[in-house]
Asker: 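Below is a structure I'd like to ask you about.
Note that ligands are numbered from 1 as they come in the structure, with each ligand's atoms numbered from 1 the same way. Heavy-atom basis, side chains included; hydrogens, waters and symmetry copies ignored.
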Amino acid sequence: MPTMQSRANVRLAVVGLGSIGTDVVNAVRSGHVTGIDLVAAAEPTTCPTRDELLEADIPVYEHVQDFPWHQLDLVLEATSQSVLREIAPQVVREGVDLVILSAGATLDIEFLPALLELADQTGSKIWFPSGAIGALDVVRAASVGDIESITLTTTKHPSALTNAPHIENSNIDLDSISSRQEVFAGGPAAAVRGFPQNVNVAALLSLAAGNPDQVHVRVIADPNAPVNVHEIVVRGSFGTMAIRLENEPSSTNPKTSALAAQSVVALLRQLGSAQRFG
Ligand SMILES: NC(=O)c1ccc[n+]([C@@H]2O[C@H](COP(=O)([O-])OP(=O)(O)OC[C@H]3O[C@@H](n4cnc5c(N)ncnc54)[C@H](O)[C@@H]3O)[C@@H](O)[C@H]2O)c1
C-alpha cells in the first residue's frame with residue numbers, strides 16, 4: 001500500500017505590490033487561502049504593503065533575480081507587460097510555476113511560444129487566471145468545434161483610459177468626451193498595445209480561443225460609466241454565448257477591476273487544494 005503523504009503547502013512569491021499584488025497578499029495573509037504560504041515578494045518602490053511584509057519578516061526584494069528560487073513553487077506576476085517579458089524566462093528557467101496577469105504580452109508572437117518551449121524543458125506550468133472576465137472555459141470548449149467570431153466590447157470611464165498609448169497617439173482628448181464614444185476598434189494585438197493596462201482580457205480570449213484572428217475588440221469611453229463593463233459575444237458551431245460583466249474598479253487602481261485580484265485568489269485556492277475546475 002502506498003505511504004500516505006499529506007499535500008505540502010504551495011510556496012508563493014508575489015511580484016508587484018500594487019493594486020492586485022496587495023489584494024492577493026492581504027487575502028493570503030489573512031487566512032482566506034489555505035494551502036498557500038507567502039514566502040517572498042518583489043517590489044522596487046516603497047509602499048505600505050512592502051513595509052508590512054518586511055515587518056512580518058517576509059523578504060521583499062527589489063529584483064526578482066535575488067529570489068530564493070529553491071524555496072519557491074509559484075510566482076505571481078502583477079506588474080506590467082514589459083516587466084512580465086523581463087522576468088518570465090527566469091521564473092520558468094528556475095522550474096517555478098508562473099501566474100500571469102499582464103496577459104497582453106502573450107500577443108507578442110515571439111514571447112509565449114518561447115516561454116512554453118522553456119516550460120516544456122523545465123516542467124514549469126503557466127497559469128492564466130480569468131482576470132476581469134469569465135467564461136474562458138466556454139471559449140476553450142467552443143474552440144474544440146468551430147468558432148466564427150468573438151467580440152469584446154470594453155466600456156470604461158475616460159479617467160480609466162488616461163495615458164493609454166492609443167489615446168495619446170490618436171490625440172483623443174478624454175476630457176472633451178461628454179457621452180459614450182468608441183475610441184478603438186480592431187484586433188486584440190493592437191488593443192493590448194494601445195491599452196496595455198485596460199484590455200488584458202482581449203489576450204485571455206485570444207489564448208482561450210487559440211486564435212487571435214477570431215477576436216474583435218472595441219473600447220468605449222463613457223463618462224457616465226460607473227463601473228468597468230466587459231461584454232463578450234462568442235458565436236460558433238456550439239451556438240452563441242453572450243455575457244456582460246459590470247465590474248467595480250479596484251479601490252486603488254481605476255484601470256483594474258476588483259474581480260481581477262479575486263480571480264487570482266480563486267486560482268490560488270484551487271492550487272492549494274485537491275479540487276480542480278476545468
Ligand atoms: N488579466 C486581467 O484580466 C487583468 C485585469 C486587471 C489588471 N491586469 C494587469 O495586471 C497587472 C497589475 O495590475 P495592478 O492594477 O496591480 O497594477 P499596479 O500599477 O497597481 O501595480 C503594479 C506594481 O508593480 C510594481 N513593479 C513595477 N516594476 C516592477 C518590477 N520590476 N518588479 C516588481 N514589481 C514591479 C509597481 O511598482 C507597482 O507597485 C497590470 O499589467 C494590469 O494591466 C490584468
Asker: Would you call Arg85-Asp108 a salt bridge at under 4.0 Å N-O?
Answerer: yes
Asker: Which atom pairs, donor and acceptor, lie under 3.5 Å between side-chain atoms of residues 186-206 and protein residues at least two apart or in another chain?
Answerer:
from   : atom 1 : to     : atom 2 : distance (Å)
Asn198 : ND2    : Ala160 : O      : 2.9
Asn200 : OD1    : Ala103 : N      : 3.1
Asn200 : OD1    : Gly104 : N      : 2.9
Ser206 : OG     : Ala202 : O      : 2.8

Asker: Strictly below 4.0 Å, N to O, side chains only: are Arg244 and Glu246 in salt-bridge contact?
Answerer: yes
Asker: Between Arg11 and Asp73 (salt bridge meaning N to carboxylate O under 4.0 Å), is one present in this structure?
Answerer: yes
Asker: Hey, can you pull the donor-acceptor pairs under 3.5 Å for the side chains in residues 145-152, sequence neighbours left out?
Answerer:
none

Asker: Run the side-chain donor-acceptor check on residues 269-278: report pairs under 3.5 Å with partners two or more places apart or on a different chain.
Answerer:
from   : atom 1 : to     : atom 2 : distance (Å)
Arg269 : NE     : His32  : O      : 2.9
Arg269 : NH2    : His32  : O      : 3.2
Gln270 : OE1    : Phe277 : N      : 2.6
Ser273 : OG     : Arg269 : O      : 3.4
Ser273 : OG     : Gln270 : O      : 3.4
Ser273 : OG     : Gln275 : N      : 3.1
Arg276 : NH1    : Gln270 : O      : 2.6
Arg276 : NH1    : Ser273 : O      : 2.9

Asker: Name the residues in contact with ligand 1, where contact means a heavy atom under 4.0 Å away: which are they?
Answerer: Val15, Gly16, Leu17, Gly18, Ser19, Ile20, Ala42, Glu43, Pro44, Thr45, Ala78, Thr79, Ser80, Val83, Leu101, Ser102, Gly131, Ala132, Pro196, Gln197, Asn200, Val201, Leu204, Asn253, Thr256, Ala260
